[in-house]
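Lettering of chains follows the sequences in order, A, B, ..., and the numbering in each one begins at 1. This structure is a prediction, so every number in the text was calculated from the model and none was measured.
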Amino acid sequence: MHYKSRDIEKRWQEKWDKEKSFSATKKDDKEKYYVLEMFPYPSGNLHMGHVRNYSIGDVVARFKKMEGYNVLHPMGWDSFGLPAENAAIKRQIHPNDWTWSNIDNMRKQLKELGIGYDWDREVATCHPDYYKWTQWMFLQLYKKGLAYKKKSFVNWCPSCSTVLANEQVVNGACERCSSTVNKKDLEQWFFKITHYAQRLLDDIEKLSGWPDKVKTMQQNWIGRSEGVEVDFNVEGTDKKVRIYTTRPDTIFGVTYMVVAPEHPLVKELIKGTEQEQTCNDFIKKMQFLNDIDRTSTDVEKEGVFTGRYVINPLNNDKVPLYLGNYVLAEYGTGVVMAVPAHDQRDFEFSKKYNLPIKVVIQPKGEELKAEDMKEAYVDEGYLVNSDQFNGVLSDEAIGKIIDYVEAKSFGERKINFRLRDWLISRQRYWGAPIPIIYCEDCGPVPVPEEDLPVVLPTDVKFTGVGESPLSSSESFINAPCPTCGKKGKREVDTMDTFVCSSWYFLRYCDPCNQKLPFDKESISYWMPVDQYIGGVEHAILHLLYSRFFMKALYDMGFVAHDEPFKNLLTQGMVLKDGAKMSKSLGNVVSPEEIIEKFGADTARLFILFASPPEKDLEWSDQGVEGCYRFINRVWRIINDFSHAAKENNDINTSNFTKEDKELWFMVNNTVRRVTEDVGHRFNFNTAISAIMELVNSLYNYKDKVPDENKNNGILKVALENVILMIAPFIPHASQELWQFIGKEGDVHDQKWPEYDKSALVKDEIEIVVQINGKLRDKIVVSSGLDKKQIEEEALKSDKIKPAIEGQNIVKVITVPGKLVNIVVKA
RNA sequence: GCGGAUGUGGCGGAAUUGGCAGACGCGCUAGACUUAGGAUCUAGUGUCUAACGAUGUGGGGGUUCGAGUCCCUUCAUCCGCACCA
């Protein structure tokens, strides 16, 4: 019997496929376990990152199944998106054809990897049966006021005359023609994720099974800050400008004020001033800059005077109002008070434009002088030059000044978030159409739910020019107004693909439902996802959007939980020669070629063995060969001892030899270690090495113990356990071996092995003896000895005795079962 | 700048609660079997040393009987956010 990966793998894959071995059905008497890997974009071929992601998921799924859980392990396709459209433009293939042929190929590759999915639950976001419900989601959010329209900027390439996605803008230039990208404002749809900012932040606490790194990233992304808004009157007008600050303790130090060039008030304020022309030039210049050139910290601060002055309500100081590149229109009020003495950005700006610096916070034990300052002083101190607040500690002053501002009605306290609303409009073809019809009389009207899906038309030209490709489809754009029946026009933008992927995990629970996206009963049973696995690149957007969807659906009563993913594992990248595999670097290893040569089991085993799942993994051809050798080693030892496994052999511990005892200990201890490593820690690399050690012991036993003395009872259990424990990692080979040793049924339907605790208790144990913390000897003692007896044994040891002669024993520390440390002094 | 990691042999990595550093694998060395070996098996393999032994987890300091693990400090690399007022 020889190990031929190709034949074996094919045979079992066909059987699993035909018998739907991994299909999941709701069972009320069984505890469920939902394991999910982030679904792929169907680019055409699996890469090693996919192999890693799905191998990890499959180990978890198969292990949990063997542990007795009712496991849901589905797969699908995140199949809308830009590459399909680019293929259409470049090669004149319809995005639909391109995408589906890619899906077919990748599905085949996944099956060749032997991943145990329930293929009856497969979803593809580009299928009308799916995007119908994505559109339905949009309508629900619209109904709740969580979807709205407003003007916003898009990246616009003047030469291609088309909208570009952020990914298509490379260093401020169009990825296709390299001309400079500028901004164009369009009416676009948004989801009001900011409505959930506080809950998204608070509930991070609930995510105990998420990595801290991801939780911190989400926290920072949401970026809550507490502060106050204050109105400053514009001198000589009846207008006010409102600022937002988190440092009201420095408000007496304001020496000028800066407003974002896009701020709606700016046009009015500069009208008729001497500076109107310079201001307009500055605004125009800013408009042509892309976000990176405009908002990177390296960019020098720049601004112009507006010709206007504003009055600080706290001390009636009159200060100039500037336009500045470093103020963001979308955050706070779009206007900042500038305190150069205590804010580094303001400090730099004031130096450049010769604006005064006024110290209002004095640190303990030294005195700042404005003219000597090299940088802003941003730390704590006592207030000065601040009227009635002089002498107050800055931390306390924050609250006191806010109270004062509110009492005097100068403004009010405010909480701000860094998180912005989610712009979902895309001027693209290959996405879910936004289900809205514009009517001259009724305005934007949602498409009635019974008319969904709004199907993507096929008569679209892919020119790569213009705003939205859908506007070129006559059959699509014209539609009667659902309210009044008059001629209307359809929305021609499609949704961001992140919308499609924000709820796919729910559809898996009830994938064929024609009446609803899912029924509540299925959702209540399967959700939440017990283990979610994917790349850390989705730590913020995808995970945050999914959390937002879950909360919105929860509030609408469609789901029973308000967090979608209980545990999250962010797997590391697959590297080759220290760099991420990429075509441009030429360091790509294709899964197909490895499967062809060594089989899927070897590929999976290597990728799981080479590194713990959350760390990056360095590809090694020799490492792969090592794993192939190991499978062969398992194959041979099971072949050698198969007779023992096939017979009825009982275990009688009373007639164990020393070698038997050792092997029996190994067998049981390995079950313990592997169960812990796989089940509790997800340390597949150490689980595999534990199995390797057991296999090594079996070879050792085979060599050292004469045939007539071999204990077939132990060997039988050992072989069975090796096959069962290795099954989640190398399912095909273990399935073949399971059958080979005469077992019925599928290996993944077997019970996960248990261990005999009494076998882990040893009669004799090795104790380390140290002198002053340094290893001096190892002694073997009976495991029944108490502390004192162990100590006596240690002091009697041949190596220790001479070493401590003539020295004073200061104390002896004994850790039962581990070591004795003798502390001596000369 | 802010935030988060990581740093252990020639390489990937292990050490779960402060208790034998280097499990397991790769590579390398020697040997066995063999017509042959890029198959398989056996033994060895951190560094220095002929050996006894000494030394060793990025560097420096500390706590402790005992530190890869805890504390302080410093360096390096990687990742995320990036003018958020």
Side-chain angles (χ1 to χ4, degrees), chain A residues 211-217 219-221 223-225 227 243-248 250 258 260 291-292 294-301 324-328 330-339 343-346 348-349 416-420 536-537 539-540 572-573 575 578 605-606 609-612 614-627 629-630 632-633 636 673 676-677 680-681 683 685-693 695-696 699-700 702-703 766-778 810-815 817-824:
Chain A
D212 289 340
K213 179 194 165 89
V214 174
K215 289 195 275 188
T216 313
M217 280 164 79
Q219 250 157 26
N220 293 341
W221 189 260
R224 184 184 198 272
S225 76
I243 59 97
Y244 170 72
T245 182
T246 54
R247 289 295 303 274
T250 65
V258 197
D291 289 353
I292 297 153
R294 162 79 189 278
T295 61
S296 151
T297 349
D298 320 324
V299 174
E300 200 180 341
K301 289 165 189 39
N325 63 344
Y326 71 99
V327 178
L328 307 171
E330 318 89 70
Y331 186 76
T333 60
V335 191
V336 298
M337 64 179 210
V339 185
D343 181 286
Q344 188 56 27
R345 294 157 302 186
D346 300 342
E348 287 165 28
F349 192 89
N416 263 318
F417 294 93
R418 198 184 155 282
L419 182 70
R420 306 290 144 80
V536 73
E537 66 273 17
I540 299 176
M573 288 187 296
L575 311 177
L605 187 67
F606 167 72
F609 177 60
S611 173
E614 66 282 356
K615 284 226 248 162
D616 286 350
L617 178 155
E618 176 69 32
W619 185 267
S620 152
D621 290 329
Q622 286 167 329
V624 175
E625 281 177 42
C627 288
R629 276 204 289 271
F630 173 67
N632 278 286
R633 218 169 131 75
R636 282 194 308 271
R673 287 172 65 190
E676 277 172 21
D677 283 354
H680 305 305
R681 306 200 303 158
N683 279 10
N685 54 334
T686 52
I688 293 165
S689 65
I691 299 169
M692 286 173 170
E693 285 179 64
V695 171
N696 290 347
Y699 271 93
N700 208 27
K702 182 187 159 209
D703 256 23
E766 197 183 60
I767 298 280
V768 167
V769 187
Q770 299 176 328
I771 295 175
N772 289 345
K774 289 199 173 153
L775 177 69
R776 280 293 176 266
D777 198 11
K778 292 176 185 179
V810 181
K811 68 173 150 175
V812 180
I813 286 138
T814 306
V815 183
K818 285 212 172 110
L819 86 162
V820 177
N821 187 14
I822 303 158
V823 185
V824 297

* **Nucleotide forming a Watson-Crick or wobble pair with A5(B), both distances under 3.5 Å** => U77(B)
* Asked: How long is the line joining OH of Tyr326(A) and C1' of A82(B), in whole Å?
  -> 17 Å
* Compare every heavy atom of Arg247(A) with every heavy atom of Met337(A), then report the nearest pair and how far apart it is. => CE-O, 3.6 Å
* Structure fact -> Regarding the side chain of Asn220(A), the nearest nucleotide among G3(B), C81(B), A85(B) is G3(B)
* Ring-face cation of Arg418(A) near Tyr331(A) (centre distance under 6.0 Å, axis angle within 45°) -> no
* Nearest heavy atoms of Ile243(A) and Thr333(A), plus distance in Å -> CA-OG1, 3.4 Å
* For A15(B), the Watson-Crick or wobble partner whose two distances fall under 3.5 Å -> none
* NZ of Lys818(A) versus C1' of C20(B): gap in Å, rounded? -> 11 Å
* If you check the Leu819(A) side chain, which of A14(B), G19(B), A85(B) turns out closest? -> G19(B)
* Asked: Within the pair Arg673(A) and A23(B), is there a side-chain N or O less than 4.0 Å away from OP1 or OP2?
  -> no
* Looking at the side chain of Phe609(A), which of G12(B), A85(B), G66(B) is the nearest nucleotide? -> G12(B)
* For C65(B), does either OP1 or OP2 sit under 4.0 Å from a side-chain N or O belonging to Lys811(A)? -> yes
* Going by a 90° cut-off around 0, is G61(B) syn or anti? -> anti
